[in-house]
Amino acid sequence: MAESTTGTATPSGGLFTGMTAVLFDLDGVLTPTADVHMAAWSRLFTPFLEARGITPGYSDADYFEYIDGKQRYDGVRSLLDSRGIHLDEGTPTDDAALDTVAGLGNRKNVTFTEVLTQAGVQAYPGSVRFLDAVTDAALEVAVVSSSRNAVVVLTAAGLVDRFEVIVDGLVASAESIAGKPAPDTYLRAAELLGRTAAECVVVEDAHSGVQAGRAGNFGLVIGVDRGVGAQGLLDSGADLVVADLADLLPLDGIETAATA
């Protein structure tokens with residue numbers, strides 16, 4: 001076994017040996033839209049908690065602990081549970097002004113769209129370089145995101161044409177697929193690519209996504225530290241953690257994987 005970037009073990013014979021597909025999370029891995037999500041969640045929960053006199057108030061630490069990587073309504077429930085708040089579930093058609101789980105989730109999405117429109121989004125240069133290297137080596141690629149805005153974000157970033165397979169929150173809802181940290185969305189993407197989990201690399205920046213990759217017994221789980229902390233991602237099951245996907249270039253063992 002070879003030493004990884006963080007000192008944990010990685011597959012022998014080259015990091016990517018035997019891998020035939022790479023499954024990318026979106027927010028925080030391909031695009032810095034995690035920052036947009038963080039801003040939208042803060043705009044939602046800061047006044048919500050303040051209006052109820054609930055302490056502690058909302059912070060970025062709450063995003064990483066309770067929300068990051070989860071489907072929107074799951075994130076709402078998780079944050080509310082952390083403060084002992086219980087609301088009616090509501091339905092996905094709830095108006096964004098309603099204080100239900102669905103209403104709050106819909107309110108967050110309105111805010112997310114506003115922030116995205118104002119700020120726009122550009123893909124991480126290092127992630128694009130890594131994506132180029134992977135596709136040049138004839139590995140299959142897919143996006144697996146908890147967000148229902150994956151296609152919108154990929155389009156804004158100029159990446160949507162790079163992925164024939166996109167399993168996002170909309171697909172998960174339509175097909176009744178359990179969200180992260182369950183491995184089901186990643187397994188579905190592998191299935192659509194015609195690959196086994198053992199042949200696929202999962203690339204994630206969130207605890208829940210790394211946990212999904214590990215639970216699904218994927219061949220390699222790479223964590224990208226965008227603020228969660230490298231040790232936390234390792235503890236969640238990442239095989240190695242990098243600060244940027246360009247740190248993995250050149251791709252060790254990629255030739256073997258592409259021709260296997």
Side-chain angles (χ1 to χ4, degrees), residues 19-41 68-72 75 92 105-106 108-175 177 179-180 183-195 199-206 208-209 212-213 218 222 224 226 244-246 248-249 251 254 258:
M19 302 296 105
T20 62
V22 181
L23 313 180
F24 295 87
D25 177 46
L26 176 59
D27 302 319
V29 170
L30 290 173
T31 62
T33 35
D35 294 340
V36 182
H37 283 289
M38 288 178 69
W41 283 110
D68 189 21
K70 297 178 182 177
Q71 293 186 31
R72 193 188 316 149
N106 294 344
K108 180 266 174 182
N109 197 51
V110 171
T111 304
F112 173 83
T113 302
E114 292 173 350
V115 176
L116 183 64
T117 300
Q118 294 166 2
V121 63
Q122 291 186 330
Y124 290 109
S127 296
V128 174
R129 288 175 57 202
F130 179 80
L131 174 62
D132 288 342
V134 165
T135 53
D136 285 348
L139 273 69
E140 300 283 351
V141 294
V143 166
V144 181
S145 173
S146 297
S147 174
R148 293 176 178 235
N149 299 298
V151 173
V152 173
V153 171
L154 285 167
T155 300
L159 294 176
V160 71
D161 293 336
R162 306 286 298 271
F163 298 95
E164 292 186 6
V165 172
I166 300 171
V167 178
D168 64 1
L170 290 174
V171 172
S173 177
E175 299 185 12
I177 303 173
K180 306 169 188 177
D184 303 48
T185 50
Y186 274 113
L187 291 170
R188 178 58 172 152
E191 178 185 22
L192 291 171
L193 291 175
R195 308 296 181 181
E199 296 176 282
C200 294
V201 180
V202 166
V203 187
E204 267 284 355
D205 72 313
S208 59
F218 285 86
I222 298 173
V224 183
R226 305 289 192 192
D244 189 278
L245 287 176
L248 295 170
L249 301 176
L251 300 173
I254 201 74

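This structure is a prediction, so every number in the text was calculated from the model and none was measured.
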Heavy atoms, side chains only, cut-off 4.5 Å: are [X] and [Y] in contact?
X	Y	result
Val115	Thr113	no
Val36	Val121	no
Val167	Val143	no
Leu187	Phe218	yes
Asp68	Ser208	no

For [X], check side chain to side chain contact (heavy atoms under 4.5 Å, CB included) against everything at least two apart and list the hits.
X	result
Ser173	Arg148
Val160	Val151, Leu154, Thr155, Ile166
Ala142	Leu23, Val165, Ala189, Leu193

Straight-line distance of [X] [atom1] to [Y] [atom2], nearest 0.5 Å:
X	Y	atom1	atom2	result
Leu30	Leu245	CG	CG	7.5 Å
Gln71	Ser145	CD	OG	9.0 Å
Thr135	Phe130	OG1	CZ	10.0 Å
Phe24	Phe163	CZ	CZ	5.5 Å

Nearest atoms (heavy-atom pairs only) where [X] meets [Y]:
X	Y	answer
Ala150	Leu26	CA-CD2, 3.6 Å
Ser127	Val29	OG-O, 2.5 Å
Ala190	Cys200	CB-SG, 3.9 Å
Ala212	Tyr186	CB-CD1, 4.1 Å

Are more than 12 heavy atoms from other residues, nucleotides or ligands located less than 6.0 Å from atom CD of Glu164?
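No.
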Counting only heavy atoms not in Gln122 (residues, nucleotides, ligands), do more than 12 fall under 6.0 Å from its CD?
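Count not over threshold, so no.
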With Asp244 via salt bridge (Lys or Arg N to Asp or Glu O under 4.0 Å) - residues at least two apart:
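Residues passing salt bridge (Lys or Arg N to Asp or Glu O under 4.0 Å) with Asp244: Arg226.
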Restricting to pairs with a member in residues 118-142, which pass salt bridge (Lys or Arg N to Asp or Glu O under 4.0 Å), not counting sequence neighbours?
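Output for this query lists Asp132-Arg162, Glu140-Arg195.
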Apply side chain to side chain donor-acceptor pair (under 3.5 Å) to Glu191 and list each qualifying residue two or more places apart in sequence or on a separate chain.
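Expected list: Arg188.
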Mind checking what makes side chain to side chain donor-acceptor pair (under 3.5 Å) contact with Asn109, not counting sequence neighbours?
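By the side chain to side chain donor-acceptor pair (under 3.5 Å) rule, Asn109 matches Arg72, Asn149.
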side-chain hydrogen bond (donor to acceptor under 3.5 Å, both in side chains) pairs, two or more places apart, involving residues 22-31:
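Those involving residues 22-31 are Asp25-Lys180, Asp27-Thr33, Asp27-His37, Thr31-Thr33.
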Got a donor-acceptor contact below 3.5 angstrom from the Ser146 side chain to the Gly69 backbone?
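Between the backbone of Gly69 and the side chain of Ser146 there is a qualifying donor-acceptor contact (under 3.5 Å).
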